[in-house]
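Report on the following structure.
Labels below follow one simple rule: chain letters A, B, ... track the order of the sequence lines, proteins then strands, and each chain is numbered from 1. A quick note: this is a predicted structure, and the numbers were derived from the prediction, not measured.
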Amino acid sequence: MAYSKLATASAIAIAATGVAHSAQAEDLTLCWAAWDPANALVELSKEFEAQSGHTMNFEFVPWPNFADRMLNELNSGGQLCDLLIGDSQWIGGGAENGHYVKLNDFFDNEGISMDDFAPATVYAYSTWPKGTPNYYALPAMGDANGWFYRKDWFAREDIQAAYKEATGEDLREPQSQKELLQIAQFFQGREIDGKTVYGAAIFTERGSEGITMGVTSALYPWGFKYENEPGSYDMEGAVNSPEAVEALEFYKTFYETATPPGYTNSYMGESLDAFKSGQVAMAMNWFAFFPGLYADPATGGDKIDFFVNPPQNIAASTLGGQGISVVSYSDKQDAALEYIKWFAQPDVQAKWWALGGYSAHNSVLQDPGFVDSQPFAGDFLEAMDGVQDFWQEPAYAELLLAMQKRVHDFVVADQGTAQEALDKLIEDWNEVFEDEGKL
Amino acid sequence: MSYRTIDRGAAATPEPVARKIRGLSDRAIAWIFVAPTIFLLLAINIFPLIWTIRLSFTNYKANRINREPEWIGLRNYERILTDSDIWLNMQATAHFLIWTIFFQVLIGFALAWLINKKFKGNDLWTTIIVLPMMLSPAVVGNFWKFLYQPQIGLFNYIIAFFTGKEPSSFEMLGQVNLAPWSIVIVDTWMWTPFVMLICLAGLRSIPDYIYEAAEVDRASKLRQFFTITVPMVLPFLMLAVLFRGIENFKMFDLVVQLTGGGPGSTTELTSINLKREAFEKWRTGYASAYAIILFVTVFGLASIYVKALNKVKER
């Protein structure tokens, strides 16, 4: 009798569990850019599917179309994405236009603390207005613009001797922006193993955000600031400061004297191609690609090494990376929040890093073994200490496209001077902020 | 026989319908048939046009649904017409338009004239020549990008072969002085066959007896060309120019694939700039004013051109 009661109770429990699962099981769609970390996230999310009963679908869009496609989706109130790993600069628009769900109550209820994440990532990926405790995303993927180089070429005695003869200095990982340029110029047009190679692959892309991300990697170390006082939108003297002018001229010189021919409209993909094909000695790109580069059989392993964006007047890197948000137009918000709760767990974050994602969780970053876990881990930590980001205003797209135009006109098209480019940029940005009612 | 067919048709029409139709005038029946088309035209063309005109006087942004648009009068028009960058885009568009039409007409007519001569393999050559216009502009843009690549591109090697220059010493897509010509070359390569086909239709419409009469009058070949061939093909040529002019004024895909509007803004045609304003910057009101200005420009030029075309036809 007792046995049959137990069997009945078990059957009811199993049935109830089944009902509960089938009642809650949702088909969730997560939207992100199509790149290496996205594949790692697919792998990681299998665990969530097994635990929750939800099914994860993914919509990955190539980087050049990512902003266009996703911002159109958000602006049209589309329900394609339940979860969105959107660029850091979208946070202002996401919050003010009501695209993202505010997560404060959810974090409080679930015991998720932003103190558990690296402060720079919380500031950049989660908060709006900036620095206030209003959270619209959980830091998902820490990233910054860094550098990698042909360690095997740098180690060759003949090349070291030639560099010493040419510059009077030792060939090493560059310690400043000017040394970076000097090394790139040294390699430009040099014959290595019977093949002509070039200095470095940098970002010059015109259409989306490429050249801005590249140029800011020079501007920030020179001490560039967007405003004289944060929040004042007072840009005269900051955006076009003498340091900013010098940095922009530096980037143009870099483009003209140390990049491969035809490198006029290049971004992440072109940088990776140039390096993997053995065309360049150094290249800039996002840390997100570094695991794949290290694993590359032709140019990875002991042939590659990494360094943080070199300082000039200060140490600074251009911020990449994204936070994960729940889209307010989704009718599966509960399941989407469940995913964020699962993703925020320290053990999931540890697996995320192990699979090739860049966790921003302190438990991962502050682990004693972190620095030695990958050859670029230490550089990543160093870079994240000095990251700076572009405007995160709701009008970010207008601000970005204005900068794309002004710096591409100067750097690639050789039109006007650096001073004129930055002066015009201020005019453009002033117009945008006037339209926004902020000036 | 036909009378009986009509009778059968009338008898087959259900009585209530027939009665209803009988009660309508011819004009009313005509309206019933035309109304769906007029409705669609109003809904798809006229209403959006009026709506765009209205938006052009506001600061509306389609991505800021929470913000009430403000009426700003002619401010958008003033900004556009006084913006030197927009005038540079207009110049880039004019350069592209004029030179593509010039080369396409010149080469297209020459090819048509050659193809019109009877020779062995005529059909095969016609097929080969029209192949480029059958390709997708995105595909054409992509493979020409490779052809123009300074280090491995075939185009640079061909130029280098004839000029003795280093192939990687010039960048068709990356140099300010060359990029506008690079897009002209690709568009000419792709669309010259279209002009050729129209010219060919014109050439084949000229009756042989006119040339025979000219031969009898001992007119030289050159004279025949300028007094018979050119005038009789001219309406066709003008039509080709109209088609290519309208198409190239709104050129977008090919140029975006090739240069993305760069270097700098050298090849940023008005259509590319308009798309950026409307769907990347989301300045909907501003972009509406921009679109209206372009519409008026194209409409005005096309109207003048069509009048000229009609005059040529009447001659």
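Looking at Pro150(B), only its side chain comes within 4.5 Å of chain A, counting heavy atoms on both sides. Both the backbone and the side chain of Glu280(B) come within less than 4.5 Å of a heavy atom of chain A. The part of Asp85(B) that comes within reach of chain A is its side chain, from C-beta onward, which places non-hydrogen atoms under 4.5 angstrom from that chain. Both the backbone and the side chain of Asn97(A) come within less than 4.5 Å of a heavy atom of chain B. Contact annotation for Gln279(A): only side-chain heavy atoms (C-beta onward) come within less than 4.5 Å of a heavy atom of chain B.
Heavy-atom pairs under 4.5 Å with chain B peak, among Pro394(A), Ala67(A), Gly93(A), at Pro394(A). Interface remark: of the candidates Thr264(A), Asn75(A), Leu71(A), Leu399(A), Asn75(A) forms the most heavy-atom pairs closer than 4.5 Å to chain B. The greatest number of non-hydrogen atom pairs below 4.5 Å with chain A, out of Thr266(B), Val176(B), Leu173(B), is found for Val176(B).
Between Glu436(A) and Arg64(B) there is a side-chain heavy-atom pair separated by less than 4.5 Å. Residues Gln175(B) and Asp414(A) form no side-chain contact, since every pair of their non-hydrogen atoms from C-beta on lies 4.5 Å or further apart. Ser265(B) places a side-chain heavy atom less than 4.5 Å from the side chain of Arg206(A). Lys281(B) places none of its side-chain heavy atoms less than 4.5 Å from the side chain of Val432(A). The side-chain heavy atoms of Arg79(B) and Glu431(A), taken from C-beta on, include a pair separated by under 4.5 Å. At a threshold of 4.5 Å between non-hydrogen side-chain atoms, the residues Lys275(B) and Asp68(A) count as touching.
In this structure, Phe279(B) places its CZ atom where only 12 or fewer heavy-atom neighbours from other residues, nucleotides or ligands lie under 6.0 Å away. The 12-atom threshold is exceeded at CZ of Phe252(B), counting heavy atoms of other residues, nucleotides or ligands nearer than 6.0 Å. The environment of NZ in Lys165(B) is sparse: at most 12 heavy-atom neighbours from other residues, nucleotides or ligands sit within 6.0 Å. Within 6.0 Å of CH2 in Trp87(B) there are 12 or fewer heavy atoms belonging to other residues, nucleotides or ligands.
Residues Thr259(B) and Asn265(A) bring no donor and acceptor atom of their side chains to less than 3.5 Å of each other.
Under the 3.5 Å distance criterion, the side-chain polar atoms of Gln151(B) are matched with a main-chain donor or acceptor of Pro261(A).
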Q. Passes salt bridge (Lys or Arg N to Asp or Glu O under 4.0 Å), Lys61(B) versus Glu398(A)? Steps please.
A. CA-CA 11 Å; Lys61(B) 290 186 172 187; Glu398(A) 286 175 62; 2.5 Å; yes
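Note: Ile152(B) CD1 to Ser277(A) OG = 9.5 Å, rounded to the nearest 0.5 Å.
Of all heavy-atom pairs spanning Pro263(B) and Val412(A), the tightest one is CB-CG1, 3.7 Å. Heavy-atom minimum distance, Trp282(B) versus Asn72(A): CZ2-OD1, 2.6 Å.
Interface residues of residues 188-204 of chain A toward chain B, defined by a heavy-atom distance below 4.5 Å and sorted by number: Tyr198(A).
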